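Owing to the predicted nature of the structure, the values given are computational and were not obtained by experimental measurement. Chain A is the first sequence line, chain B the second, and so forth, proteins listed ahead of strands; every chain is numbered from 1.
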Amino acid sequence: MSGDLAFVWNIRRITWRMYNFFRFIAKYSTVLLFIILQSCALYLLFNHNNFQQSALFSSSNRMNGFLFSVEESVTGYFHLRDNNEALLKENDKLQLENARLKSALLQYRDTSGIPLLRMKEADEYSLIPGRVIHNNVTHLHNFLTLNIGKEDGVLPEMGVANADGIVGVVSQVSQHYSVVIPVLNPQIVRFSCKLKNSNASGSLVWDGVDRRYAYLEEIPPYVSVSKGDTVVTSGFSAIFPEGIMVGTVEEYEIGEDANYLKLKIRLAARFDALSNVRVIRYKLREEIKKVEEEASL
Amino acid sequence: MMRFINHLICFVGLIAIQVFVLDNVHFMGVFLPLIYIYALLRLPADMSPNMTMILGFLLGLSMDVFSNTPGMHAFATTLIAVMRYPVLRLFVSKEELSNKNVSEKSLGMGAFWKYTILLVFVHHTTLFILESFSFVNWLLLLAKIPLCSLLTMLFIFALERINSREDAKS
């Protein structure tokens, strides 16, 4: 009898505790929900790794890609005139170069046995043409969306440039779309660049203020610099080949610790009017990466 | 039900305007209005706080998806979603709030604008501080918070004008 009573009491105690527990949850549900939601947000924010993040929460997912391409099909017409002019200019340049090369080739035709062009270098890179379907220049962490993806051969960490100069680096790729982190994003990428005439190299960063300018840091102080000097890519990383236009020197100052020069660079590419770009595929990239990994082990 | 559909259209419409139009509008390069939070400010006052918070989180998350900043907008919008009711109660009595839309007309000019200014300011401050976590430019941050808030409030002011006119018609 007493055993039965103890059993009943036990059950009553447990139900009472459960009841209290649920009452607690009901009472503080708002606070709990608030904490859960904010933790989700912070988790997403701090696990946002720019090269490996999942495509779900980014503009390379299918729905966003579709919406942005609809947007581009409307706004694309606004820049048609400018784009046309840029293409004509590029065309002229290429035709001139073609003519020059042809005449050079004629000159050398008879001297047999000498390899004419460094064909090997030209073979290492190939270009994938694409169009910018969404362009963001107003935020601190800007990005572009392109209408080309895995199916066209685009992979993360490939360089992107247009006829004027470098644009950025591919960060995420889906089947048909890809997201590019442009130079105008202070977060991740420091592009390795150099001064064309002195070969001194440094890294290019954006300060988050003006989309026309970026800064070239870590240039040794003994290098002579003057306004208007050309800055090109250094070719130290597998992202860009050597010698792609970046911009021109606008101002220069001695850095905070006087060990380095800091140059203000006027970017060659106009980021508020990007349309046609090329993704640069470096064929030996895998090999370089593998060797570097082995070396670092 | 009509009210629900109305708010849904407001949510989707404001995000679309924000992403496709206003993200391309920039005053002096860096200052832009963030009007999508107007959808959150307008929710009915008697909505349960949990529901408001979930809607706020979803609103922020959908904004994040479009601007490649997972969690950033979501954090800021959830914060103001939770603050919404207490802030409303600061300026308006409980009886006045029951079963009412939150708008300039129903709350009165003073109360509505105090409420809007406070929440917009909190939202922008949180958002821009989160945005510049990895990269701090204090001067830019200090300029961005008040100027962007001002732009946002200008746009909300305009939207309120349109809304009140439509209310008067119907």
Intermediate values then yes/no, side-chain contact (heavy atoms from CB on, under 4.5 Å), L44(A) and L61(B)
CA-CA 10 Å; L44(A) 284 173; L61(B) 199 66; 3.8 Å; yes
Identify the two heavy atoms, one from F143(A) and one from F66(B), that lie closest to each other, and give their separation to 0.1 Å.
CZ-O, 3.2 Å
Taking all atoms of both residues into account, what is the closest heavy-atom pair of F34(A) and T78(B), and its distance?
CE1-O, 4.1 Å
Under 4.5 Å from any heavy atom of chain A - which part of F57(B)
side chain
Less than 4.5 Å to any heavy atom of chain A: does that hold for the side chain of L79(B), its backbone, both, or neither?
both
Are side-chain heavy atoms of D64(B) and L45(A) found at a separation under 4.5 Å?
no
Less than 3.5 Å apart, which donor and acceptor atoms pair up between the side chains of residues 21-33 of chain A and the rest of the protein, not counting sequence neighbours?
{"residue": "S29(A)", "atom": "OG", "partner": "A26(A)", "partner atom": "O", "Å": "3.4"}
{"residue": "S29(A)", "atom": "OG", "partner": "N50(B)", "partner atom": "ND2", "Å": "3.2"}
{"residue": "T30(A)", "atom": "OG1", "partner": "N50(B)", "partner atom": "OD1", "Å": "3.2"}

Below 4.5 Å from any heavy atom of chain B, which atoms of D210(A) appear? Answer side chain, backbone, both or neither.
neither
Treating Q38(A) as the side-chain partner and F75(B) as the backbone partner, does any N or O pair qualify as donor plus acceptor under 3.5 Å?
yes
Please, which pairs that meet salt bridge (charged side-chain N to carboxylate O under 4.0 Å, His left out) have at least one residue in residues 137-154 of chain B, sequence neighbours excluded?
E131(B)-K144(B)
